[in-house]
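Naming: A, B, ... by sequence-line order, numbering from 1 per chain. From a predicted model like this one, the values you see are computed outputs, not experimental measurements.
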2 protein chains.
Amino acid sequence: MVSGQKQKLTIKQVAEAAGVARSSVSRAFTRPEMLSPETVRRVRDAAEKLGYVPNQTARALSTGRHGNVALIVPDIANPFFPPLIRAAQMEADRSDFCVFLGNSDEDPKQEDKLVGRFTGQVEGLILASSRLSDERIRAHAAQRPLVLINRDVEGIPRVLINSGSGVREAVAHLAGLGHQHIVYVAGPVTSWSNKQRRLAVRKSAERLGLKVDIVATMVPSYDAGREAVAAIITTGATAAIAFDDLTAQGILAGLADRKIRVPRQFSVVGCDDVLGAATYPSLTTVSNRSLEAGKAALSLLLELLQSQSLRDIRYVLDTHLVVRNTTIGHKE
Amino acid sequence: MVSGQKQKLTIKQVAEAAGVARSSVSRAFTRPEMLSPETVRRVRDAAEKLGYVPNQTARALSTGRHGNVALIVPDIANPFFPPLIRAAQMEADRSDFCVFLGNSDEDPKQEDKLVGRFTGQVEGLILASSRLSDERIRAHAAQRPLVLINRDVEGIPRVLINSGSGVREAVAHLAGLGHQHIVYVAGPVTSWSNKQRRLAVRKSAERLGLKVDIVATMVPSYDAGREAVAAIITTGATAAIAFDDLTAQGILAGLADRKIRVPRQFSVVGCDDVLGAATYPSLTTVSNRSLEAGKAALSLLLELLQSQSLRDIRYVLDTHLVVRNTTIGHKE
DNA sequence: CTAAAGCCTGCAACCGGTTGCATGTCAACG
DNA sequence: CGTTGACATGCAACCGGTTGCAGGCTTTAG
C-alpha cells in the first residue's frame, strides 16, 4: 500500500512483478476460478504491494460494462426527491455501482440533453417524474435499459406511486367532515402524478357529490402555492387539496396572509408527506413512498441489466391519507 | 438522424461514409482547425446522417479526460445539501461535465469507499462537509484534484461558509435581549462547521459575559433535536443555539411537548436557514450560502483542471443572522 | 524554375484492460 | 505405453477513440 506516487500503474507492472502475463493479472481479478490458487495469490500480493487498482475506464471500454447508472430528477431541491435519491444510491452501492445525478430543472429539453450526456457512460438510467414526451422516452429506452418512476409508459419498466388511493381517502375525509366544495391546486401539466391526482379528485368528488374546481400552477413550490391562494378563494371552496406539500405549505402561508384561519375557516390537504409535522398547523397529507420507489427502481434496473428479460413490469406502491391538523369539519 | 438501430456505430463507419481516415473523423470533432473546412463539413454531415455520437469511454481512455466530477455529501436528505448539489450541477452542466453523486451517510468509511470508487472515473472531486481525517483527505488529494466545502485543510482548495460571523451575531442578539445563560446544541464531532460554530458561541459568549453550556448530539436531525431537549432544560438556560435548522426544529417540537412556549419562555436559534419561514413560530437562524458554495466549489474545481496551478485557495463566504420569531427578550 | 515552407491527411502506435484461441503440462485411462 | 482430456497460462486481437510523425501537394520566395 505505497502511496503518494503519481505515475499510474497498469496491469503490466503488476504482471512483471508477479512474473505472469497481463492476461493472468486480469483474470486474477475477474475470473480467479480460471487460475490456480497459487497464481491468484501471487498476483494479488503483487497488486496489493504496488497499490494497483484496475482502471474502470479501460475495463468499460472492452467489456461495455461501466458499473454506472444515471438518475435524473426534475428538481433536487424539491424535498420529495432527496429520500428517493438516497435510497437509490444505497441500493446502487450494494452492487458497487456509481450513480450520476442529473437535474432537469423541470425542463424537457434539459432532460433530453442530460440523457444524451449520460447514455454513453452508463449501463442504464432511471427517470424520476420525467417531463419528456412518451415518444422521447421510448427513443431513449431503445438505446439503454431505462426505468421510470412516476410515469406510466406501456412497455417500459416503471415504478409508480399510486397517490390516487391516498387522494381518494382525502376526498372522502373532507366529504365526511361536511365539505361540499373543494379545489384541487394542480401541479405541472407534464407531470404524470398530477394527472393521476387530478383524476382521483375528480372521480371521487363526483361519486360523493362534491363540487370541484381546479386551480393551475406552473411549478410545484412554496411560492406557487402562495400565489394560488387568490384564485382558490374566489372559487368559494372551503377546502383545498394541493398537488404536493410544498404547494400546500405555500397555500397555508397565503391564507395566513389573508387572516384566514386553518383549519377553522379553511381546510388544506397536501400530498407526499415531505414536511413531516413541520408546518403549523401540522399538515394533513397523503403519505409518500418515495424512498421505496427509489430503491425499487434501482434494483429493478440492476435486475434488468443482469437478465435481459424485458417483461413489461409495472410496480405500484399504494398510499394513504395521514390526518393531522389542517382539516376539520365544516358546516354551512 | 436515424434512430432505433441497436448496433453501435463507431468512428470507422463514419470514416467510410465520409471517405476519409478515422483520424480525420476524430479531428473533425476535436480539432477542426487542423482540417480543411470542406473535410470538416463532409465528416460532420456523414456523422449527422448516421446519428454518430463519440464514445466517451474510449475518448476518456486515450485522453485521460472523462468530463466527469464527483460530489460527495454526508446526507442528501439534509436540506442543507440539495441546493448546494443543484448549484454544483448547473455549474458542471455549463461546461458539459457530468456529476457523480455520493452519499457517505455521515460515515468516514463509506466516504472513503466512495472516493475510491469514483477516483478512477473522474477528473476531480468535491467533498462537502467531509467526515474524513485530514490525513485521508490529503491522500486522496494527491491522486486527483480535490476541492473541499466546509472543511479547512491547509494546502487543499476549499470553500468555507463562515457561519462564525452569523453565530456571533446570534449570540449578540440573545445577549441584547437579556439572556444570560445559553446552550449550544452541537452537531457531529467530525464536522468542521460544528467546531467553528461551537467556537464562535464560546468566544462571543465569553466576551459578552454569558454562561454557555454544550449539549451533544450525534447526527444533525429533527429527532436528535427533540431528544436533546431534556438535557437542554436541565442546564437552566433560557435560549439555545442549535447546530442547524433541523436540530432546531426538533428542539421546537421537544419544547412544545413539554408545554414550554417559544419564544415567551425559551428562545431558539437555528443555523443554515434551510426551512425558510416554514416552522412555527418561524425560526430565527443564521443565513446559509450553500448554493453559492456549491457553485463556487465546482467552478474552482474546473478552473483547477484547466490550469494546473495549485495555489492554496481558501474561499470564504460570510453569513449573518436572520431574525424571525423564535427569539425574544428575557428578563429574570 | 527550384527549393523552402505550409497545409492537409493518412498511417500506425497507444490508452489499459478483456477474451477467444492455441499451447503446454500432467494425470487418468484403455 | 500411447492417447485423451482437463487444466493452467500465454499470445495477440480487440474495445473506440486520439495523436505524433511522415508524406504528398500546394504555395511562396529566391
Could you give the [atom1]-to-[atom2] distance, from [X] to [N], as a whole number of Å?
| X | N | atom1 | atom2 | result |
| --- | --- | --- | --- | --- |
| B:L61 | C:dT18 | CG | C1' | 12 Å |
| B:H66 | C:dG16 | NE2 | P | 11 Å |
| A:Q121 | D:dC15 | CD | C1' | 16 Å |
| B:Q13 | D:dG17 | CD | P | 9 Å |
| A:Y52 | C:dG17 | OH | C1' | 7 Å |
| B:I11 | D:dC15 | CD1 | C1' | 13 Å |
| A:R59 | C:dG16 | CZ | P | 14 Å |
| B:E38 | C:dC8 | CD | C1' | 12 Å |

Yes or no on side-chain contact (heavy atoms from CB on, under 4.5 Å) for A:L114 and B:D93, after CA distance, side-chain angles and deciding distance? CA-CA 9 Å; A:L114 286 171; B:D93 198 65; 3.9 Å; yes
Give the minimum heavy-atom separation between A:L301 and A:G124, together with the two atoms involved. CD2-C, 3.8 Å
By nearest-nucleotide position on DNA chain C, the 5'-leaning member of A:V53 and B:M34 is B:M34
Check the pair B:R158, B:I149 against side-chain contact (heavy atoms from CB on, under 4.5 Å), reporting the backbone distance first and the verdict last. CA-CA 6 Å; B:R158 52 214 187 275; B:I149 295 177; over 6 Å; no
Report the C-alpha separation of B:K295 and B:E292 in whole Å, then their side-chain angles, then the decisive distance to 0.1 Å, and conclude whether the salt bridge (Lys or Arg N to Asp or Glu O under 4.0 Å) test is met. CA-CA 5 Å; B:K295 183 177 160 132; B:E292 288 137 292; over 6 Å; no
Please list, in numerical order, the residues of residues 22-33 of chain A that have a heavy atom closer than 4.0 Å to any atom of DNA chain D. A:S23, A:S24, A:R27
Closest nucleotide among [options] to the [X] side chain:
| X | options | result |
| --- | --- | --- |
| A:R65 | C:dG17, C:dT9, C:dT19 | C:dT19 |
| B:S36 | C:dC8, D:dT9, C:dG16 | C:dC8 |
| A:T39 | C:dG17, D:dA8, D:dG17 | D:dA8 |

Please evaluate residues B:D45 and B:K49 with respect to the criterion salt bridge (Lys or Arg N to Asp or Glu O under 4.0 Å), reporting the C-alpha separation (whole Å), side-chain torsions for both, the decisive distance (0.1 Å), and the verdict. CA-CA 6 Å; B:D45 282 0; B:K49 194 170 308 172; over 6 Å; no
Steps toward side-chain contact (heavy atoms from CB on, under 4.5 Å) verdict (B:I72, B:F118): CA-CA 10 Å; B:I72 300 181; B:F118 290 142; 3.9 Å; yes
Passes side-chain contact (heavy atoms from CB on, under 4.5 Å), A:L101 versus A:I76? Steps please. CA-CA 9 Å; A:L101 183 63; A:I76 310 174; 3.8 Å; yes
What nucleic acid atoms does A:A21 come within less than 4.0 Å of, heavy atoms only: base, sugar-phosphate, or nothing? sugar-phosphate
